[in-house]
Amino acid sequence: MDPQAGYPPFAVTVDLVVLTVRTEQLSVLLIRRGIPPHRGAWALPGGFVRTDETLAGAAARELAEETGLTGPVGHLEQLATYGDPGRDPRGRVVTVAHLALLPDLPTPVAGTDAASAEWQPVDRVRTDRLAFDHARILADGVERARAKLEYTPLATAFCPPEFTVAQLRTVYETVWGTRLDPRNFHRKVTGTPGFVVPAGRATEGDRGRPAQLFRRGPATLLYPPMLRPTNP
């Protein structure tokens with residue numbers, strides 16, 4: 001007896017919400033699909049999981065193919081699983097979405113099944129025109145990023161290896177969409193154990209003043225957390 005009898009076939013894909021900060025805008029990597037379904041529509045990068053690779057391996061491969069990143073740059077984590085029966089017109093396809101937070105990168109080169117690829121500001125994306133259920137996945141990814149900046153040091157994933165507190169503040173302001181008091185932010189960042197550590201160097205800051213450079217510290221959680229400002 002066939003042990004798989006009675007089990008309907010389905011495919012597994014990975015989709016990537018790849019976020020960066022470019023010109024003080026939270027931006028997402030989108031590809032214009034070059035093949036059906038949804039040919040010509042913008043979509044999140046991704047693809048089918050190969051029979052010989054893990055989900056994490058498939059996500060890392062897709063990230064490398066779309067961005068050229070092959071080393072441990074930035075941050076990559078599993079976001080959520082999406083499996084509504086009608087999400088893909090080709091059949092039953094379950095996707096495991098991943099969230100990637102990266103420093104600013106050059107304009108990407110489109111993969112084999114894409115007509116083009118580009119960074120687009122999140123607040124300008126026509127989500128009603130995204131392929132599949134990628135509008136929902138993108139919204140979930142952006143909210144995950146905003147939340148994780150509160151209680152983890154992942155804001156540093158948007159920065160180069162050495163950065164100023166002002167650069168880090170720009171990340172928070174961009175991702176959260178709000179302005180932060182510079183002095184209060186500096187006090188919180190440098191006063192949170194393990195968040196950042198001095199790099200031992202300085203760079204030219206605002207108005208020509210030297211600005212101290214930092215690196216990401218050893219902390220995995222921030223205590224106290226960097227809470228988002230609440231609207232009055």
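By convention here, the first residue in the shown sequence is residue 1.
The shortest side-chain heavy-atom distance between Ile31 and Arg33 falls under the 4.5 Å cut-off. In this structure, Pro103 and Phe158 have side chains that are not in contact, with every pair of non-hydrogen atoms separated by 4.5 Å or more. Inter-residue side-chain proximity for Glu162 and Thr203 is flagged as unmet; no heavy-atom pair is nearer than 4.5 Å. Contact of the Val12 side chain with the Val93 side chain is not registered, since no non-hydrogen atoms from C-beta on lie closer than 4.5 Å. Side chains of Arg87 and Ile137 form a contact here, defined as non-hydrogen atoms less than 4.5 Å apart. Proximity of Thr81 to Thr95: side-chain heavy atoms (C-beta onward) are nowhere separated by under 4.5 Å. Taking 4.5 Å as the limit, every side-chain heavy atom of Glu143 sits out of range of all side-chain heavy atoms of Asp140. At a threshold of 4.5 Å between non-hydrogen side-chain atoms, the residues Asp104 and Ser27 do not count as touching.
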Show your working on side chain to side chain contact (heavy atoms under 4.5 Å, CB included) between Phe163 and Val196 and close with a plain yes or no.
CA-CA 10 Å; Phe163 50 86; Val196 297; 3.9 Å; yes

One pair to check against side-chain hydrogen bond (donor to acceptor under 3.5 Å, both in side chains): Asp15 and Tyr82. What are the steps and the verdict?
CA-CA 10 Å; Asp15 286 308; Tyr82 303 83; over 6 Å; no

Hey, mind stepping through Thr156 and Arg215 against side chain to side chain contact (heavy atoms under 4.5 Å, CB included) and telling me if it holds?
CA-CA 8 Å; Thr156 58; Arg215 298 190 185 99; over 6 Å; no

Passes side chain to side chain contact (heavy atoms under 4.5 Å, CB included), Glu173 versus Phe185? Steps please.
CA-CA 11 Å; Glu173 291 179 337; Phe185 181 83; over 6 Å; no

Going through the distances and angles, do Arg183 and Asp181 end up as a salt bridge (Lys or Arg N to Asp or Glu O under 4.0 Å)?
CA-CA 6 Å; Arg183 291 185 179 182; Asp181 179 75; over 6 Å; no

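Closest of all the heavy-atom pairs between Ala58 and Glu53 is CB-OE2, 3.4 Å. Closest approach of Leu102 and His75 over heavy atoms only: CD2-N, 4.3 Å.
Residues Leu149 and Val28 fall within the same hydrophobic cluster, defined by Ile, Leu, Val, Met, Phe, Trp and Tyr side chains chained together at heavy-atom separations under 4.5 Å. Hydrophobic clustering, with ILVMFWY side chains joined whenever heavy atoms are under 4.5 angstrom apart, keeps Val49 apart from Phe132. Under the 4.5 Å side-chain heavy-atom criterion for grouping Ile, Leu, Val, Met, Phe, Trp and Tyr, Val96 is connected to Phe10 within one hydrophobic cluster. Under the 4.5 Å side-chain heavy-atom criterion for Ile, Leu, Val, Met, Phe, Trp and Tyr, Leu99 and Val125 are members of the same hydrophobic cluster. Under a hydrophobic-cluster definition in which Ile, Leu, Val, Met, Phe, Trp and Tyr are linked whenever side-chain heavy atoms come within less than 4.5 Å, directly or via other members, Trp42 and Val142 are assigned to the same cluster.
Taking CZ of Phe48 as the start and OG1 of Thr13 as the end, the distance is 6.5 Å to the nearest 0.5 Å. Atoms CG and CG, from Leu138 and Asp133 in turn, are 11.5 Å apart once rounded to the nearest 0.5 Å. The distance from atom CG of Leu180 to atom NZ of Lys188, rounded to the nearest 0.5 Å, is 8.0 Å. Of the inter-residue distances, the one linking Gln25 atom CD with Thr170 atom OG1 reads 13.0 Å to the nearest 0.5 angstrom. The distance from the CG atom of Leu16 to the CG atom of Leu30 is 11.5 Å, given to the nearest 0.5 Å. The CG atom of Leu221 sits 9.0 Å away from the NZ atom of Lys148 when rounded to the nearest 0.5 Å.
The one candidate from Leu79, Leu76, Leu44 that meets the side-chain contact (heavy atoms from CB on, under 4.5 Å) condition with His98 is Leu76.
Ring-plane geometry between Tyr172 and Trp176 is classed as perpendicular, the angle between the planes exceeding 60 degrees on a 0 to 90 degree scale with a lower cut at 30.
Residue Arg90 qualifies as enclosed at atom CZ: its count of foreign heavy atoms under 6.0 Å is above 12.
The residues Glu118 and Arg22 are annotated as not salt-bridged, no charged nitrogen and carboxylate oxygen being separated by less than 4.0 angstrom.
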